[in-house]
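Working notes, beginning with the structure itself.
None of these values were measured; they are calculated from a predicted model.
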Amino acid sequence: MVRPPPRARAARVARGVDDPARSWVYIDPASGQVAGSNDANSRLRRWLFNAAHSLDFPWLIQHRPAWDLVVWLLSIVGTVASASGVVIGWRRLRRKPGPAAASKGLAQASP
């Protein structure tokens with residue numbers, strides 16, 4: 001499998017934008033054009049959703065074996081939680097109503 005070359009960071013960030021949203025503006029150094037921008041809300045959304053789902057926290061990325069360990073542990077926890085849910089659901093669906101449920105009329109379908 002051939003991997004594409006890593007992306008070069010061509011944009012510089014201007015953080016000194018004086019607006020209430022605390023915007024960051026990304027400027028392409030080659031052309032001088034605005035390459036993009038984001039505000040405090042979009043940065044917060046990035047940390048709450050993207051970083052949490054792809055685990056691209058800077059301290060984990062810098063120490064790759066730690067990132068691998070965290071991914072493996074979270075995968076194992078997710079697998080155990082899923083398997084236990086399947087077992088509990090399977091047991092619940094296989095269970096037949098007992099005599100207490102039949103005497104209360106719960107075993108019959110109510111209109």
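R22 and R43 make their closest contact through O-NH2, 2.8 Å (heavy atoms, listed as atom of the first residue, atom of the second, distance).
Considering CG of D68 and NE2 of H63, their distance stands at 13.0 Å, rounded to 0.5 Å. Distance check, rounded to the nearest 0.5 Å: CG of L69 to CG of L60 gives 9.5 Å.
Side-chain contact between R46 and D56: present, with at least one pair of heavy atoms (C-beta onward) separated by less than 4.5 Å. Here the side chains of F57 and L55 are in contact, with some heavy-atom distance below 4.5 Å.
Residues W59 and W67 are members of one and the same hydrophobic cluster, defined by side-chain heavy-atom contacts under 4.5 angstrom among Ile, Leu, Val, Met, Phe, Trp and Tyr. The cluster map of Ile, Leu, Val, Met, Phe, Trp and Tyr, joined by side-chain heavy atoms under 4.5 Å apart, puts I61 and V70 in different clusters.
The environment of CH2 in W72 is sparse: at most 12 heavy-atom neighbours from other residues, nucleotides or ligands sit within 6.0 Å.
Put simply, the side chain of S84 gets close to the backbone of A81: a donor and an acceptor are under 3.5 Å apart.
Between Y26 and W24, the ring-plane angle classifies as perpendicular under the 30° and 60° cut-offs.
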